[in-house]
Amino acid sequence: MDSAASGNEPVLCIVGPTASGKTAAALHLVRQLQAKGQAVELISMDSALVYRGMDIGTAKPDAAQRALCPHHLLDILDPAQAYSAAQFAADARALITAIGQRGARPIIVGGTLLYLRALQSGLAALPQADAAVRAQLDADAARLGWPALHARLAAVDPATASRLAPNDAQRIQRALEVWLLSGTPLSAHLAASTSAAPLPLRIVSLEPSDRSVLHARIAQRFDAMLAAGFLDEVRALRARGDLDPSLPSMRAVGYRQAWALLDGRISTAEFREQAIAATRQLAKRQLTWLRALPQRTVLDCLGPVEIQVS
């Protein structure tokens, strides 16, 4: 059995901002390890890739890529369902154990960094979502705008507000919901989070030496998604009749902007501009999270990426 699979070595975790080439780097490494006779299985750490029918807009690995080795936590939920960081952590830990028992090497790859935090150190017990509270916050946002609710959050939880963009509706809403339901700021909940058995991870982070090049990649990738039929994908999801823009799946970057376009609320040009801008904002947030991980190994995602493993 490989040492990394046996539990003697930290589990390799490949992270980075969106469009940094995490999937390509992981698959390149898989081929190298397979050439040495090592079995490898990938665990996706992405909050959008869990959903079936959301393939183009999430840059989900295609059939050929997935045939290279087993991929886990892809297509495990319907878009009408919700998935949490705590559930990911439980699923990933179970998979790591099972993969090791099969004599294979688990490798985690993805950019949902709240999931990484949950996997590393656990999460505090947060209040469940409350439909009435969310409806009131949505109504307030419709009347005042999300920047006003961001200011409201800054008054009660400045630490959380400082890391959120003024229009980050999903996260602002959740932070205010936690405050309203528990009387305790989200930042205080997270600071108190603990795990009885911290999971040892070797974190390799793909980060750009020139952020403008990453921004160009983001635009090019989005245009490729459009050419591949992204809007048709969203049309098919809308046609089901049971999905709406408030669902976590439909709040994914690109999908919420496509929904607004298909609702007739923005033009095609505005859709492209807003989706690319939102993706860049996501990358900025991801890089901010990554800078808070001093134990990570940083590789320039703009050059040849070679991840060294034993």
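All values reported here derive from a predicted model rather than from experimental measurement.
- Taking 4.0 Å as the cut-off between side-chain N and carboxylate O, Lys22 and Asp46 do not count as a salt-bridged pair.
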Item to complete: In sequence, state the C-alpha distance, the side-chain angles, and the governing distance for Asp140 and Leu176, and then conclude on side chain to side chain contact (heavy atoms under 4.5 Å, CB included).
Response: CA-CA 12 Å; Asp140 289 350; Leu176 284 170; over 6 Å; no
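- Gln136 has its side chain out of reach of Leu180: every pair of non-hydrogen atoms, C-beta onward, lies at least 4.5 Å apart.
- A heavy-atom distance below 4.5 Å is found between the side chains of Arg296 and Arg291.
- Residues Ala92 and Leu119 come closest through the heavy atom pair CB-CD1, 3.9 Å.
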Discussion item. Determine whether Glu273 and Ile276 satisfy the following criterion, side chain to side chain contact (heavy atoms under 4.5 Å, CB included), listing intermediate values before the conclusion.
Written reply: CA-CA 5 Å; Glu273 179 183 348; Ile276 291 173; over 6 Å; no
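- Side chains of Ser246 and Asp244: a donor-acceptor N/O pair is present below 3.5 angstrom, by distance only.
- Closest approach of Ala85 and Ala118 over heavy atoms only: O-CB, 3.6 Å.
- The two residues Ala19 and Leu214 come nearest to each other via the heavy atoms O-CD1, 3.6 Å.
- Considering every non-hydrogen atom in both Ser249 and Pro79, the closest pair reads OG-O, 2.6 Å.
- In this structure, the separation between CG on Leu95 and CD1 on Ile43 is 5.0 Å, given to the nearest 0.5 Å.
- Counting non-hydrogen atoms of neighbouring residues, nucleotides and ligands closer than 6.0 angstrom, the CD atom of Gln128 reaches no more than 12 such neighbours.
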Practice prompt. Kindly indicate, with the supporting measurements, whether the criterion side chain to side chain contact (heavy atoms under 4.5 Å, CB included) is fulfilled by Arg240 and Asp78.
Written response: CA-CA 12 Å; Arg240 290 176 30 155; Asp78 184 87; 2.7 Å; yes
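- With 3.5 Å as the limit, one finds no donor-acceptor pair spanning the side chains of Gln81 and Tyr51.
- Contact check for Ile108 versus Leu201: side-chain heavy atoms found under the 4.5 Å cut-off.
- Checked by atom type and distance alone, the side chain of His150 pairs as donor or acceptor with a backbone atom of Ala161 at under 3.5 Å.
- A pairwise comparison of heavy atoms in Pro127 and Val178 identifies CG-CA, 4.1 Å as the closest pair.
- To the nearest 0.5 angstrom, Leu231 atom CG is 13.0 Å from Trp259 atom CH2.
- Within the 4.5 Å cutoff, side-chain heavy atoms of Thr58 are placed close to those of Tyr255.
- The CG atom of Leu137 sits 11.0 Å away from atom CG of Leu144, with the distance rounded to the nearest 0.5 Å.
- Within the 4.5 Å cutoff, the side chain of Met54 has heavy atoms near those of the Met250 side chain.
- For Ala129, the side chain to side chain contact (heavy atoms under 4.5 Å, CB included) partners are Arg134, Glu177, not counting sequence neighbours.
- A single hydrophobic cluster is not seen to contain both Phe88 and Leu282; linkage of ILVMFWY side chains at heavy-atom distances under 4.5 Å, directly or through other members, places them apart.
- Going from atom CH2 of Trp146 over to atom CG of Asp168 covers 9.5 Å, rounded to the nearest 0.5 Å.
- Atom CD of Glu9 and atom CZ of Arg202 lie 10.0 Å apart (nearest 0.5 Å).
- Of the residues Arg221, Gln286, Arg217, the one that meets the side-chain hydrogen bond (donor to acceptor under 3.5 Å, both in side chains) test with Thr18 is Arg221.
- Looking at Gln274, its side chain never comes within 3.5 Å of a backbone N or O of Phe271 through a donor-acceptor pair.
- Other members of the cluster containing Val309 are Leu12, Ile14, Leu27, Leu29, Val30, Leu33, Val40, Leu42, Leu68, Ile107, Val109, Val204, Leu206, Leu299, Val305, Ile307, with ILVMFWY side chains joined at under 4.5 Å, either directly or via other members.
- Looking at heavy atoms from C-beta onward, Asp157 lies in side-chain contact with Ser187 at the 4.5 angstrom threshold.
- Tracing side-chain contacts under 4.5 Å through hydrophobic residues (I, L, V, M, F, W, Y), one reaches Val50 starting from Ile96; they form part of the same cluster.
- In this pair, Tyr115 and Tyr83 present their aromatic rings perpendicular. The plane angle is above 60°, beyond the 30 to 60° band.
- Inter-residue side-chain proximity for Arg238 and Leu262 is flagged as met; some heavy-atom pair is nearer than 4.5 Å.
- Closest of all the heavy-atom pairs between Ser267 and Glu270 is N-OE1, 2.8 Å.
- Linking Ile, Leu, Val, Met, Phe, Trp and Tyr residues whenever their side-chain heavy atoms come within less than 4.5 Å places Val234 and Phe222 in a single cluster.
- At least one donor-acceptor pair closer than 3.5 Å links the side chain of Glu233 to the backbone N or O of Gly57.
- Considering CD1 of Ile99 and CZ of Arg102, their distance stands at 5.5 Å, rounded to 0.5 Å.
- Within the 4.5 Å cutoff, the side chain of Asp223 has heavy atoms near those of the Arg272 side chain.
- By the rule that hydrophobic residues join a cluster once side-chain heavy atoms approach within less than 4.5 Å of another member, Trp289 and Val253 end up as members of separate clusters.
- In terms of hydrophobic clustering, with Ile, Leu, Val, Met, Phe, Trp and Tyr side chains grouped at heavy-atom distances under 4.5 Å, Leu247 and Ile172 are assigned to different clusters.
- Put simply, the side chain of Gln65 gets close to the backbone of Asp62: a donor and an acceptor are under 3.5 Å apart.
- Side-chain atoms of Arg251 do not come within 3.5 Å of backbone N or O of Arg256 as any donor-acceptor pair.
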Worksheet item: What do the steps show when you test Arg211 against Arg280 for side chain to side chain contact (heavy atoms under 4.5 Å, CB included), and what is the final call?
Response: CA-CA 10 Å; Arg211 197 172 296 190; Arg280 289 178 176 177; over 6 Å; no
